[in-house]
Amino acid sequence: MAYDPTKESDPDRLRSFMEKVKGVDADLYGTAFRRLCALTNRNPDDPLEAEFDACVAALEQVYLEESGRRKRASRITGKRSRDGALETFRYLVMKREPSDGFRHLVEHQLAEFTAEHVVLRYPGRFPDEAVEAARARLGEFEIPLP
């Protein structure tokens, strides 16, 4: 029976599998990557909170793959602790310049894990100016809208 990353519940086993298939099977790697991100949901009752957890997991995985060491996205998780996920997403999309996290995720073809993508997936939860800022930033980088 072949390994199915969609059924995995151990992040370390997923990371090990991802290492094996990276550069060999992009689809399997992507499936495992997305499963890894989904495992981090601390609050599955609020989709926005779950999205935040997935975005942080994606960014931290990118950091790990870039440097070979674990690096926490502590500035953004600290802001979330102080202000909540909604305000943190709003803050990120309203910044004059894209965040470093945005750039890292886009460079790794993971735009779906950016705050901008999340804001556009839940436009009713954000002020109109945040939705427009998210749309403009993704357009500036020629990233397809969700």
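By convention here, the first residue in the shown sequence is residue 1. As the structure is a prediction and not an experimental result, all values here were calculated from the model.
Residues that satisfy the side-chain contact (heavy atoms from CB on, under 4.5 Å) test with Arg75, not counting sequence neighbours, are Asp100.
Side chain of Thr40 to backbone of Asp53: a donor-acceptor contact under 3.5 angstrom is found. Between the Arg15 side chain and the Leu36 main chain, no donor and acceptor come within less than 3.5 Å of each other.
Counting heavy-atom neighbours within 6.0 Å of Lys20 NZ, excluding the residue itself, gives a total of 12 or less. When the shell of 6.0 Å around CG of Asp12 is examined, it contains more than 12 heavy atoms from other residues, nucleotides or ligands. The environment of Glu140 atom CD is dense: over 12 non-hydrogen atoms of other residues, nucleotides or ligands sit within 6.0 angstrom. The number of heavy atoms from other shown groups lying within 6.0 Å of OH (Tyr91) does not exceed 12.
Test Val119, Leu48, Val118 against Arg125 for side-chain contact (heavy atoms from CB on, under 4.5 Å) and you get one pass: Leu48. Of the residues Glu19, Arg35, Gln61, the one that meets the side-chain contact (heavy atoms from CB on, under 4.5 Å) test with Leu14 is Arg35.
Annotation: the span from Tyr63 atom OH to His104 atom NE2 amounts to 5.0 Å, rounded to 0.5 Å. Remark: Glu87 CD to Arg80 CZ distance equals 13.5 Å, nearest 0.5 Å. From Arg90, atom CZ reaches atom CG of Leu86 across 8.5 Å, with rounding to the nearest 0.5 Å. To the nearest 0.5 Å, atoms OH (Tyr3) and CG (Leu28) are separated by 10.0 Å. Going from atom NE2 of His117 over to atom CG of Leu145 covers 7.0 Å, rounded to the nearest 0.5 Å. Note that CZ of Phe113 and CG of Leu105 are 8.5 Å apart. Values are rounded to the nearest 0.5 Å.
In this structure, Met94 is a member of the same hydrophobic cluster as Val106, with clusters built from ILVMFWY side-chain heavy atoms closer than 4.5 Å.
A salt bridge is defined here as a Lys NZ or Arg NE, NH1 or NH2 lying under 4.0 Å from an Asp or Glu carboxylate O, and Arg135 with Glu132 meets this definition. For the pair Glu112 and Arg34, the salt-bridge criterion is met [side-chain N within less than 4.0 Å of a carboxylate O]. Residues Glu51 and Arg121 are paired through a salt bridge, judged by an N-O separation under 4.0 Å between the basic side chain and the carboxylate. A salt bridge links Glu60 with Arg72: at least one charged nitrogen is closer than 4.0 Å to a carboxylate oxygen.
Classification of the Phe141-Phe102 ring pair by plane angle, with boundaries at 30° and 60°, yields perpendicular.
Residues Phe17 and Glu8 have side chains not in contact (no heavy-atom distance under 4.5 Å, counting atoms from C-beta outward). Within the 4.5 Å cutoff, side-chain heavy atoms of Arg103 are placed close to those of Glu97. A heavy-atom distance below 4.5 Å is found between the side chains of Leu138 and Thr114. Between Phe33 and Leu110, the closest side-chain pair of non-hydrogen atoms falls below 4.5 Å. At least one side-chain heavy atom of Ile76 sits less than 4.5 Å from a side-chain heavy atom of Phe52.
In terms of heavy-atom proximity, Val93 sits nearest to Ala130 at CG2-O, 3.7 Å. The nearest pair of heavy atoms linking Asp45 to Pro47 is O-CD, 3.7 Å. In terms of heavy atoms, Val131 sits closest to Pro123 at CG2-O, 3.7 Å.
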